[in-house]
Amino acid sequence: MCGIVGYVGNAQAAPFLLDGMSKLEYRGYDSAGIAVYEKDGIRVEKCVGRLDALRHKLEGKMPVGTMGIGHTRWATHGRPSDRNSHPHTDESGNFVVVHNGIIENYLMLKEQLIAKGQKFASDTDTEIVAHLFADFYEGDMEEAVKKVLRTIEGSYSLVFMCKAEPDKLICTKKDNPLIIGLGEGENFIASDIPAIIAKTRRTYIMSDGEIATVTREGVWVQDINGTPITKKVFEVNWNAEAAEKGGFEHFMLKEIYEQPKAIKDTMRGRLAENGTEINFAELGWTAEDFTGISKIFIVACGTAYHAGIVGKYYLENLARIPVEVDIASEFRYRNPLVDANCLTIVISQSGETIDTLAALKEAKRLGSRTLAVTNVVGSSIAREADQVVYTYAGPEIAVASTKAYTTQLLVMLMLAVYVGRLRGTLSEAKAAELAEGLHKVPEQLHDMLENVDQIKVFARNYGSCLDAFFLGRSLDYAVALEGALKLKEISYIHAEAYAAGELKHGTLALIVEGVPVIVLATQEDVYDKTVSNLQEVKAREAMVIAIALEGDDSIAKYADHVIYIPRAGKELAPLLAVLPLQLLAYYAALTRGCDVDKPRNLAKSVTVE
Ligand code: M6R
């Protein structure tokens with residue numbers, strides 16, 4: 001997965017390219033490069049490392065020209081190195097390409113091109129695209145690109161540039177995101193909106209198979225057969241500031257603090273402002289829509305998968321439909337028993353995770369109805385699913401997902417209430433109680449965020465540990481999974497989550513003096529059992545931090561420390577209980593000097609299998 005940008009206009013291209021790439025570093029940051037159309041030809045500058053390494057390289061010798069393309073890479077084919085960095089060119093250097101995705105038949109094509117005498121300069125799959133582009137070019141970029149697309153297989157967003165046509169970029173996509181920003185006398189290309197938002201809010205969101213010719217005068221879109229396509233302008237309704245850190249030290253912290261707003265935005269229009277009715281106008285479901293549905297599958301990856309586990313609980317308990325939750329990369333290959341009597345819900349913040357997209361396609365192929373829960377309007381998953389419910393968390397830049405998770409929980413809860421009411425499995429009174437509770441969540445989160453000093457101290461004290469354990473029962477267990485993932489992902493502390501009752505079946509052997517164990521005890525129906533498990537670890541001299549409900553004084557007798565959350569009710573507790581876990585992970589990572597927003601080996605949007 002990678003970030004790509006393009007510029008054609010009257011201003012210097014390089015500053016925009018570098019700035020746009022900095023907004024896309026969340027998509028990959030192991031190497032970076034730009035190509036600018038200079039007076040005497042196309043100049044390519046690239047190097048391994050973060051964007052700053054490229055900036056450093058260009059100091060005092062910035063390419064001069066008003067058209068160019070750029071790329072920030074996360075390696076898939078060919079290790080991170082100067083030679084594998086993008087842009088890639090043919091042998092002459094006159095045909096230049098940036099690419100996000102994987103060309104699956106590149107080896108076969110490379111062999112054919114080598115047999116024709118062509119020489120390759122990198123180990124990437126992308127380089128063959130530049131060679132093919134050159135090979136097919138007969139004075140018409142668009143026609144050459146079409147021939148390339150007929151030849152390659154795989155997933156891609158691509159931008160093409162050619163010395164013979166100085167004022168034109170061509171871009172196209174399949175299964176990877178691409179947008180075009182529409183300016184005055186200038187136009188922009190990018191993998192994602194943050195790269196262009198400082199320049200324009202008017203965009204075209206490209207669909208698979210579309211080929212756009214982008215010049216300073218305008219943008220023309222066609223399909224591979226040359227049929228013109230009229231695109232609708234998509235007006236971005238969030239501003240440049242929203243994509244910036246807004247005064248916080250890290251995007252992750254900013255995004256944690258944005259949760260009250262994200263929750264409010266996601267509720268808006270679905271939960272009556274002064275009432276208790278929950279409705280999804282975008283779905284327009286009726287009771288009949290569920291008469292034939294015998295099972296729901298929830299499929300997702302990482303944090304979104306953890307939201308799915310909570311979603312299973314909600315749907316089974318409130319809407320009384322059996323639910324299976326699957327890791328997307330497993331679902332696709334395990335021959336799941338999916339048919340037309342199933343509804344498959346995929347959850348994805350980015351809407352671009354390739355495992356989730358592939359699982360969605362598989363569910364569709366097997367005849368299932370599909371629903372996407374995603375944060376990115378116009379994303380591949382949003383477009384592929386039969387129906388979409390958006391989380392309105394706003395752009396999530398930090399690799400570690402926070403506000404996307406809480407808005408996913410919210411959507412799953414509201415969906416369960418909506419379906420429960422449609423099916424008559426949920427009483428009006430219980431639905432109203434949940435809705436009233438939901439109204440309070442933003443304020444409760446806000447108040448919790450005002451009091452984080454205690455969490456900072458815990459993180460400082462225990463940030464040097466090697467291992468940590470997270471325990472909980474029922475919904476607390478689902479939240480424990482997310483707490484452990486957050487800690488591992490950004491602080492590199494080894495962390496495991498266990499159903500509290502399961503610990504004694506093996507893992508208790510790992511509990512020794514001083515090991516931090518975070519015990520979630522917010523679920524009152526299993527509270528006593530959870531406290532027994534807490535005592536089991538305390539008896540092995542673990543250091544226990546309990547996450548408990550306000551007013552629970554008795555737990556302080558057993559735990560070393562207690563972090564209290566408001567009493568919101570069983571189903572709502574996960575929305576609040578995850579907040580201290582996110583903050584613990586954040587401050588532990590800070591204590592350890594980790595690169596919080598860009599943890600090692602990870603990227604925000606995982607568009608490779
Ligand atoms: O964009 P998605 O929600 O599909 O991403 C899924 C996972 O890659 C993502 O949640 C990942 O686990 C996060 N980095 C966790 O913080």
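Note that this is a predicted model, so its numbers are computed, not measured. Numbering of ligands and ligand atoms starts at 1, following listing order.
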Return yes or no for this condition: an N or O of T356 is under 3.5 Å from an N or O of ligand 1. no
So for K486 against ligand 1, with non-hydrogen atoms under 4.0 Å, the contacting part is side chain
Establish, from distance only, whether the side-chain atoms of Q582 and T402 form a donor-acceptor pair under 3.5 Å. no
Between R473 and D476, does at least one N-O distance fall below 4.0 Å, as a salt bridge requires? no
For atom 7 (C) of ligand 1, what's the nearest protein heavy-atom neighbour? Residue, atom name and distance, please. C301 O, 3.6 Å
Any non-hydrogen side-chain atom of K570 less than 4.5 Å from a side-chain atom of Y313? yes
Pairing of K361 and D175 as salt bridge, 4.0 angstrom limit: yes
Who's the nearest protein heavy-atom neighbour of atom 15 (C) of ligand 1, and how far? T303 OG1, 3.0 Å
heavy-atom search around atom 1 (O) of ligand 1 in the protein gives S350 OG, 2.6 Å
For the pair R334 and E324, find out whether any cationic side-chain nitrogen is under 4.0 Å from an anionic carboxylate oxygen. yes
Who pairs with F297 by ring pair (Phe, Tyr, Trp, His ring centres under 6.0 Å), at least two apart in sequence or on another chain? F331
Considering only non-hydrogen protein atoms, determine which one is nearest to atom 8 (O) of ligand 1 and report residue, atom name and distance to 0.1 Å. V606 CG2, 4.1 Å
N/O to N/O below 3.5 Å, does that happen between Q408 and ligand 1? no
Check D595 with R50, please: is the shortest side-chain N to carboxylate O separation under 4.0 Å? yes
Counting neighbours of NZ on K488 that are heavy atoms of other residues, nucleotides or ligands and sit closer than 6.0 Å, is the number greater than 12? yes
Nearest-contact summary for atom 5 (O) of ligand 1 - protein heavy atom, Å: T353 OG1, 3.4 Å
Of all the atoms in ligand 1, which lie at a distance below 4.0 Å from a heavy atom belonging to A304? 3 (O), 10 (O)
Which residue owns the protein heavy atom closest to atom 13 (C) of ligand 1, what's the atom, and how far is it? E489 OE2, 3.4 Å
What atoms of ligand 1 come closer than 4.0 angstrom to any heavy atom of S401? 15 (C), 16 (O)
Min N/O separation L485 to ligand 1 under 3.5 Å: no
Closest by any non-hydrogen atom to atom 3 (O) of ligand 1: pick that one out of M252, Q349, K488, H306. Q349
